[in-house]
Amino acid sequence: MSKGQGNSSKGLFISDFDGTLLRSDGTLANCDLDSLETLARCGVRTAVATGRSLYSFINSPGVNLPVDYVIFTTGAGVVTQPGHKLLYQVNIPSGVVARTLEYLKASALDFMLHHPVGENHKYVYRRLNPENPDFERRIERYRAFGKPLNSMQGSGFGPAAQFLAVVPPDRTHEVLSEVKRELPGLSIVRSTSPLDHESTWIEFFHPDVSKSKTAAWLASSLNVDPMDTMAVGNDYNDLDLLEWAAYGYVVENAPDDLKSSFQQVASNNNGGVAEAVSRWLNGRNIQMSKP
């Protein structure tokens, strides 16, 4: 989709998925689903922005979400919803992959290297630390698509969607500081593990990849004024998106430092997205579009 394609709308609403729209029991609240349909009737375009790969999202309760777009892999790709037509993708080029891989192989980190966008549920991995249960849990969840790094043949991996390292929470700041210093040419994103809700996932992307940069591309493509954008999230990997949007909300289950910086709504288990939508629409006095 090129800039200017598509009809202008009354705004763009973007929600994170895990821990924001998706409840802790893995279901979606009817009030949140109704709020997304209300936005459509008001002429507002809608998207979900998730750290999941497209494969993971399609195999989740989100597959039938009533939104217009899915921003997946933290902004590395965008597809239409439904239909999942690929509109946008950004991969790390092969030369940068090779240099980053050499750095990570020399580190003490447990990490995964994912195939290019569209196939990035597939990956290779290197484990060093026997006491990293969250890393093992992620391998187990996607075991059918993963191979140990030493099984990779050839001298180069080619382009890649991302790297992902799993570190315990007490090493988060140490590792973040180091990788940002050593890998300045990459976009480095921190998130709390959606598996054990304690470990930190540190993800490495092409420098043009983030939820906010891809949201800005989508808004421009849809002729949406930046002042007519709104986002809701729950974790650190939503921070840049929340800062980019003209109106940013966090659910009650977000970390305290995020709640101190953005408007707070109910938790993911208690209709936080619906509350955020209601506040936004009421505050802007948006009326439903005529059929």
Side-chain angles (χ1 to χ4, degrees), residues 49-59 70-79 84 86-129 132 134-167 175-176 178-191 193-195 199-214 217 236-237 240:
T50 177
R52 291 179 182 241
S53 67
L54 182 58
Y55 173 89
S56 176
F57 183 78
I58 288 174
N59 287 279
V70 178
I71 298 170
F72 63 94
T73 312
T74 315
V78 180
V79 293
H84 305 128
L86 185 64
L87 303 175
Y88 177 88
Q89 61 177 312
V90 182
N91 291 296
I92 306 171
S94 56
V96 179
V97 170
R99 291 192 295 273
T100 305
L101 185 55
E102 288 307 306
Y103 165 76
L104 289 172
K105 285 165 67 175
S107 76
L109 296 174
D110 296 321
F111 68 90
M112 299 169 176
L113 169 57
H114 287 257
H115 286 247
V117 170
E119 292 290 314
N120 59 300
H121 54 290
K122 301 175 182 177
Y123 63 96
V124 295
Y125 63 90
R126 195 281 300 273
R127 66 154 71 86
L128 281 183
N129 304 292
N132 195 346
D134 195 64
F135 188 77
E136 298 299 329
R137 192 175 291 113
R138 192 172 192 267
I139 290 175
E140 186 59 36
R141 175 164 290 198
Y142 301 105
R143 182 166 296 281
F145 306 111
K147 296 179 180 180
L149 183 62
N150 59 16
S151 71
M152 187 175 64
Q153 297 180 354
S155 58
F157 185 86
Q162 70 179 117
F163 292 84
L164 185 150
V166 179
V167 301
V175 174
L176 267 176
E178 179 181 333
V179 297
K180 287 180 177 179
R181 182 178 66 250
E182 299 296 330
L183 302 169
L186 293 176
S187 172
I188 297 174
V189 178
R190 165 194 178 186
S191 63
S193 167
L195 302 181
S199 301
T200 298
W201 290 8
I202 300 177
E203 300 174 88
F204 309 75
F205 298 98
H206 186 283
D208 290 340
V209 171
S210 70
K211 288 187 178 183
S212 63
K213 288 180 179 178
T214 304
W217 173 86
Y236 297 107
N237 62 339
D240 65 293

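The figures that follow rest on heavy atoms only: side chains count, while hydrogens, waters and symmetry mates do not.
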(message) Can you give me the closest heavy-atom contact between Phe163 and Val97, atom names plus distance?
(response) CZ-O, 3.6 Å
(message) In the structure I gave you, are the side-chain heavy atoms of Asn132 and Arg127 within less than 4.5 Å of one another anywhere?
(response) no
(message) So, taking the atom named OG in Ser187 and the one named NZ in Lys213, what distance separates them when rounded to the nearest 0.5 Å?
(response) 6.0 Å
(request) Any chance you could lay out the side-chain contact (heavy atoms from CB on, under 4.5 Å) test for Phe205 and Leu186, step after step, and finish with the verdict? (result) CA-CA 6 Å; Phe205 298 98; Leu186 293 176; over 6 Å; no
(request) Might you work through the side-chain contact (heavy atoms from CB on, under 4.5 Å) test for Val79 and Leu87, ending with a clear yes or no? (result) CA-CA 5 Å; Val79 293; Leu87 303 175; 5.9 Å; no
(request) Drop me the distance from Leu104's CG to Phe111's CZ, to the nearest 0.5 angstrom. (result) 5.0 Å
(message) Regarding Ser193 and Asp134, do their side chains bring together a donor and an acceptor under 3.5 Å, going by distance alone?
(response) yes
(request) To the nearest 0.5 Å, tell me how far Lys211 NZ sits from Thr50 OG1. (result) 6.0 Å
(request) List the steps and the verdict of side-chain contact (heavy atoms from CB on, under 4.5 Å) for Phe135 and Met112. (result) CA-CA 9 Å; Phe135 188 77; Met112 299 169 176; 3.8 Å; yes
(request) Compute both the distance and the angle, then confirm whether Arg52 meets the cation-pi test with Phe57: under 6.0 Å from the six-membered ring centre, within 45 degrees of the axis. (result) no
(request) Report yes if the side chains of Val209 and His206 come closer than 4.5 Å at any heavy-atom pair, otherwise no. (result) yes
(message) Glu203 vs Arg190, test: salt bridge (Lys or Arg N to Asp or Glu O under 4.0 Å). Steps then yes/no.
(response) CA-CA 6 Å; Glu203 300 174 88; Arg190 165 194 178 186; over 6 Å; no
(message) So for atom CZ, which belongs to Arg137, do other residues, nucleotides or ligands contribute more than 12 heavy atoms lying within a distance under 6.0 Å?
(response) yes
(request) Identify the heavy atoms of Pro116 and Asn91 that sit nearest to each other, and give their distance. (result) CA-OD1, 3.3 Å
(message) Testing the basics here: between Leu113 and Ala160, what is the closest heavy-atom pair and its distance to 0.1 Å?
(response) CD1-CB, 3.6 Å
(request) Might you point out which heavy atoms bring Asn120 and Ala161 nearest each other, and give the distance in Å? (result) CB-CB, 3.6 Å
(message) What I want to find out is whether Lys122 reaches Glu119 closely enough, with some N-O distance under 4.0 Å, to be called a salt bridge.
(response) yes
(request) Report yes if the side chains of Leu149 and Leu101 come closer than 4.5 Å at any heavy-atom pair, otherwise no. (result) yes
(message) Between Arg126 (side chain only) and Leu109 (backbone N and O only), is there a donor and an acceptor less than 3.5 Å apart?
(response) yes
(request) Taking all non-hydrogen atoms of both residues into account, name the closest pair between Leu128 and Ala108 and its distance. (result) CD1-CA, 3.9 Å
(request) Please name the residue in the list Val78, Val90, Asp208, Ile71 that meets the side-chain contact (heavy atoms from CB on, under 4.5 Å) test with Trp217. (result) Val78
(message) When you compare the side chain of Thr100 with that of Leu183, does any pair of heavy atoms fall below 4.5 Å?
(response) yes
(message) Could you check whether Arg99 pairs with Glu102 (Lys NZ or Arg NE/NH1/NH2 to Asp/Glu carboxylate O, under 4.0 Å)?
(response) no
(message) Once rounded to the nearest 0.5 Å, what's the spacing between atom OG of Ser53 and atom OH of Tyr123?
(response) 11.0 Å
(request) Using a 4.5 Å cut-off on heavy atoms from C-beta on, say whether the side chain of Ser94 contacts that of Pro159. (result) yes
(message) Measuring only between side-chain heavy atoms, which start at C-beta, is Ser56 closer than 4.5 Å to Phe72?
(response) no
(request) Using the ring-ring contact (aromatic ring centres under 6.0 Å, His included) rule, pick out the option among Phe157, Tyr142, Tyr55 that qualifies with His115. (result) Phe157
(message) Treating Thr73 as the side-chain partner and Gly75 as the backbone partner, does any N or O pair qualify as donor plus acceptor under 3.5 Å?
(response) no
(message) Give me the atom names and distance for the closest heavy-atom approach of Leu86 to Tyr88.
(response) CD1-O, 3.4 Å
(request) Check for a donor-acceptor pair, side chain of Asp240 on one end and backbone N or O of Ser212 on the other, with a separation under 3.5 Å. (result) yes
(request) Please lay out, stage by stage, how Asp110 and Tyr125 fare under the test side-chain contact (heavy atoms from CB on, under 4.5 Å). (result) CA-CA 8 Å; Asp110 296 321; Tyr125 63 90; over 6 Å; no
